[in-house]
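Here's the structure, in structure tokens; my notes come after.
It should be emphasised that the depicted structure is a prediction, and the values quoted were computed from it without experimental measurement.
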Amino acid sequence: MSEADSVRPSDFIREIIREDLNAGKYDSRVHTRFPPEPNGYLHIGHAKSICLNFGIARDFRGLCNLRFDDTNPTKEEVEYVESIKEDVRWLGFDWEERIYYASDYFDQMYAYAVQLIREGKAYVCDLSPDEMREYRGTLTEPGKESPYRSRSVEENVDMFARMRAGEFRDGSRTLRAKIDMSSGNINMRDPVIYRILHAEHHRTGGKWCIYPMYDFAHCVSDSIERITHSICTLEFEDHRPLYDWFLRQLNVYHPQQIEFARLNLSFTVMSKRKLLRLVEGKYVNSWDDPRMPTLSGLRRRGYTPEAIRNFCDRIGVAKRDSVVDIALLEYCIREHLNKTAPRFMAVLRPLKVVITNYPDDQTEELEAVNNPEDTAMGTRKVPFSKVLYIEQEDFREDPPKQFYRLSPGREVRLRYAYYVTCTGVVKDDSTGQIKEVHCTYDPATRGGDSPDGRKVKATLHWVSAAHALEAEVRLYENLFMKPDPEDTEAGSDFISCMKPNSLEIMSSCYIEPELAGLRPGSGCQFERLGYFCIDPDSTDIKLVFNRTVTLKDTWAKIEKGQKGKG
RNA sequence: UGGGGAGUCGUCCAACGGCAGGACGGCAGACUCUGGAUCUGCUUAUAGGGGUUCGAAUCCUCUCUCCCCAGCCA
């Protein structure tokens, strides 16, 4: 069985590659690349591409390069280069020594451009941007040929050299391919190959004042790196004829471009332009705001590389436009964290509970399981005493149907501790608000089991008031209220769909003392609440947690249904 | 009224002339010291019309719908 046959294709691209391999194409090599432009932060859509390109290389024992597509110095910065490298590494992929920049090939590209000129396949055009737009025609009408199209080879060579020498102002001239101004494909209507840009490049500095356009730079870069399969998104489909044209005219090594549908996620936006708008408009705090679909945002939110990779495997690869349900992403992170995250108890909205029959000054250390999914993770001690905090929503003075947590006269279990029965409440005289709940405990139920086999319907999490640490917890929800944030009335845009309270800061939460030892960045579960991780905003005196994702909440669903009916 | 793509459960992906399947979601139940996890069951789809064929999601044909393209961005 050949290498190719041992890999069962799981998408149409792998299927094409397997066929190419079986046909001996490209000397039976597989070499892909991930080619980001360093003009913004990577997002989950890029993760799909990274997993695809690096994943294919892994599956077919090929190689995958990291290549920065840095041909537009006006938009690109080293800050982005660094963040992209960090994110790809964090996701779990290794480009080894193969980190490249399109700007590494500027000399070669220039030489290729001169070659095209000498062969009469490119010309220097003096049309202004406005004029060029006019000459280009429209979607339904052909364009007109530029008056500069018939310049002699000698003049073109000279003019292009002078463009490079810096004799002309930005926008005054371009180098264009001589193809077909009447083509139905607008990309073929004498596309620009080089434009004049007197701008400092983050790598080549002031060496160049002309820069190649994407269509020229990309295919040439792929060719130089001897890429076999150049995988990109659907909007480049009608650029493929141009990709092929350049490489054919140049008569050089010719990779195959294959397009797939980019990722869309419900309740979020994905384009760099829109994400930049959220950041610059201060709708979020930063590129790594935990509500952002950026890899840095997801990382800060507590998403793991494993979960994101798994998500990318599950969504598949195809050519049809699609919107993946954000619930699948949440499923993937829950699945991973459920297996790996240590459990703790934390109370977000504290309600004081006094165990009236418990000795005033007594403290007990009760044993708690760190992860019921993985007993190898061991146990820990949790302090218990007379005054505790439980979650406000775990008590109802007047419990609705199907609510089986604590209420007057009812017995519940305090996790890993005791059965307690509510004997009464203390209210604030003026507001009528419940200030504390009084309970009695059953000493025979220590650890949480009743020797007489008595059952309770609910188990509550809790912390001991005297031992708890105070912490800040940040709760996040989707940034947008609609599955498609772009689905708005005429005259407004996705910003109008933003959810007002997508971030809720709980500043006085109580957490069990053991949490002080949690290492920064690692995730944990707060029992019955969700998965959380420590935010870098934490200080020595106050921990700050981000909620990664809630646990599935059956009661919330029931209650919502009840409210819907009532 | 140009060119390039795409139409399969609510969502995403399979099925490559031979019983339309999986995952997520939803619903119901079992179990449970997390109303978590786990397990079981149910739910629902080939855009439409013609044709070829013993047999069509798949091949042919006509129609419809959706997406992308008129940057000296990528």
Nucleotide nearest A/Phe403 (side chain, heavy atoms from C-beta), chosen from B/A74, B/G35, B/U34: B/G35
Determine whether a donor-acceptor pair (N or O, by modelled atom type, separation under 3.5 Å) exists between the side chain of A/Arg528 and the backbone of A/Thr459. yes
Between A/Arg195 and A/Ile186, who's closer to the 5' end of RNA chain B by nearest nucleotide? A/Ile186
If the cut-off is 4.0 Å, is A/Thr74 near the phosphate of B/C73, judged by side-chain N/O to OP1 or OP2? no
Assign A/Ile315 to base, sugar-phosphate, or nothing according to its heavy-atom contacts below 4.0 angstrom with the strands shown. sugar-phosphate
Of all the nucleotides listed (B/C69, B/G10, B/G35), which has the minimum atom distance to the side chain of A/Asp325? B/G10
So which nucleotide from B/C68, B/A70, B/G35 ends up closest to the side chain of A/Glu235? B/C68
Looking across every strand, which nucleic acid part, if any, lies under 4.0 Å from A/Leu175 by heavy atom: base, sugar-phosphate, or nothing? nothing
Per the atom types in the model, does the base of B/G35 pair as donor or acceptor with the side chain of A/Tyr404 at under 3.5 Å? yes
With respect to the phosphate group of B/C13, does any side-chain polar atom (N or O) of A/Ser322 fall under 4.0 Å of OP1 or OP2? yes
Looking only at non-hydrogen atoms, find the nearest pair between A/Cys332 and A/Phe311 and report the distance. SG-CA, 3.6 Å
side-chain N/O A/Tyr331 vs B/C24 OP1/OP2, d < 4.0 Å: yes
Does any donor-acceptor pair link the side chain of A/Arg405 with the base of B/G35 at a separation under 3.5 Å? yes
Closest to side chain of A/Arg528, choosing from B/C69, B/U34, B/C13: B/U34
Does a nitrogen or oxygen in the side chain of A/Lys557 sit under 4.0 Å from OP1 or OP2 of B/G26? yes
Can you tell me if the side-chain N/O atoms of A/Arg136 get under 4.0 Å from OP1 or OP2 in B/C69? no
Among A/Glu367, A/Glu512, A/Glu365, salt bridge (charged side-chain N to carboxylate O under 4.0 Å, His left out) partner for A/Arg380: A/Glu512
The side chain to side chain contact (heavy atoms under 4.5 Å, CB included) partner of A/Leu175 among A/Tyr194, A/Tyr123, A/Phe216 is A/Tyr194
Tell me whether A/Glu335 is salt-bridged to A/Arg314, with the criterion being a basic N under 4.0 Å from an acidic carboxylate O. yes
Phosphate contact (B/A6 OP1 or OP2) by A/Arg262 side-chain N/O below 4.0 Å: no
Just call it for A/Val456: base, sugar-phosphate, or nothing, with non-hydrogen atoms closer than 4.0 Å on any strand. nothing
Phosphate OP1/OP2 of B/G36: any A/Arg343 side-chain N/O under 4.0 Å: no
Could you tell me whether the side chain of A/Glu373 has a donor or acceptor atom within less than 3.5 Å of a complementary atom in the base of B/U38? no
Once you apply a heavy-atom cut-off of 4.0 Å, does A/Ser128 come out as touching a base, just sugar-phosphate, or nothing? base
Taking any heavy-atom pair under 4.0 Å as a contact, classify A/Val369: base, sugar-phosphate, or nothing. nothing
For A/His218, which contact category applies under a 4.0 Å heavy-atom criterion: base, sugar-phosphate, or nothing? nothing
B/G49 and B/C12: how far apart are their C1' atoms, nearest whole angstrom? 29 Å
Which value, in whole Å, describes the distance between the C1' atoms of nucleotides B/A6 and B/G22? 22 Å
If anything within 90° of 0 is syn and all else is anti, what is B/G71? syn
Could you check which nucleotide pairs with B/C12 in any of the strands shown, counting Watson-Crick or G-U wobble with both distances under 3.5 Å? B/G22
Given the C1' atoms of B/C19 and B/G29, what is the spacing between them in whole Å? 29 Å
Pairing check on B/U32: which nucleotide meets the Watson-Crick or G-U wobble criteria with it, both distances under 3.5 Å? none
Using the P atoms only, state how far B/A47 lies from B/A20, rounded to an integer number of Å. 15 Å
When the C1' atoms of B/C39 and B/G48 are considered, how many whole Å apart are they? 42 Å
Applying a 4.0 Å non-hydrogen cut-off, can you work out what A/Leu551 is touching in the nucleic acid: base, sugar-phosphate, or nothing? base
Can you tell which of B/G36, B/A14, B/A74 lies closest to the side chain of A/Pro372? B/G36
Kindly indicate, with the supporting measurements, whether the criterion side-chain hydrogen bond (donor to acceptor under 3.5 Å, both in side chains) is fulfilled by A/Ser183 and A/Asn185. CA-CA 5 Å; A/Ser183 172; A/Asn185 181 348; 5.5 Å; no
For A/Ile558, which contact category applies under a 4.0 Å heavy-atom criterion: base, sugar-phosphate, or nothing? base
Name the closest nucleotide to the A/Met213 side chain, picking from B/G3, B/C73, B/G5. B/C73
Between B/U32 and A/Thr459, is there an OP1 or OP2 to side-chain N/O distance shorter than 4.0 Å? no
Write down the distance separating the P atoms in B/C62 and B/G2, rounded off to the nearest Å. 15 Å
State, to 0.1 Å, how close A/Lys48 and A/Ala261 come at their nearest heavy-atom pair, and which atoms those are. NZ-O, 2.7 Å
A/Arg314 side-chain N/O to B/C13 phosphate OP1/OP2 under 4.0 Å: no
May I ask you to verify whether the side chain of A/Glu15 and the base of B/C16 hold a donor-acceptor pair under 3.5 Å? yes
Can you name the closest pair of heavy atoms from A/Ile333 and A/Gly302 and give their distance? CD1-O, 3.9 Å
Pairwise C1' distance, B/C59 and B/U52 [rounded to whole Å]: 8 Å
Scan A/Glu330 against the nucleic acid and name what it touches under 4.0 Å (heavy atoms): base, sugar-phosphate only, or nothing. nothing
The side chain of A/Lys75 lies closest to which of these nucleotides: B/C12, B/G35, B/C73? B/C73
Using a 4.0 Å heavy-atom cut-off, does A/Glu141 contact any base of the nucleic acid, only the sugar-phosphate backbone, or nothing at all? nothing
Only pairs with both distances under 3.5 Å count, Watson-Crick or wobble alike; so what is the partner of B/C59 in this structure? B/G51
If you check the A/Lys552 side chain, which of B/C72, B/G2, B/G36 turns out closest? B/G36
A/Asn72 side-chain proximity, nearest of B/C73, B/C13, B/G25: B/C73
side-chain hydrogen bond (donor to acceptor under 3.5 Å, both in side chains), that's the test. Do A/Gln257 and A/Tyr243 meet it? Break it down for me. CA-CA 8 Å; A/Gln257 176 177 306; A/Tyr243 183 103; 5.6 Å; no
With heavy atoms under 4.0 Å as the rule, sort A/Glu527 into base, sugar-phosphate or nothing. base
Span that lies between the P atom of B/U44 and that of B/G10, in whole angstrom: 10 Å
Within this structure, what is the CZ-CZ distance for the pair A/Arg410 and A/Phe395, rounded to the nearest 0.5 Å? 10.0 Å
Specify the residue among A/Asn187 and A/Asp70 whose closest nucleotide of RNA chain B lies further upstream toward the 5′ end. A/Asn187
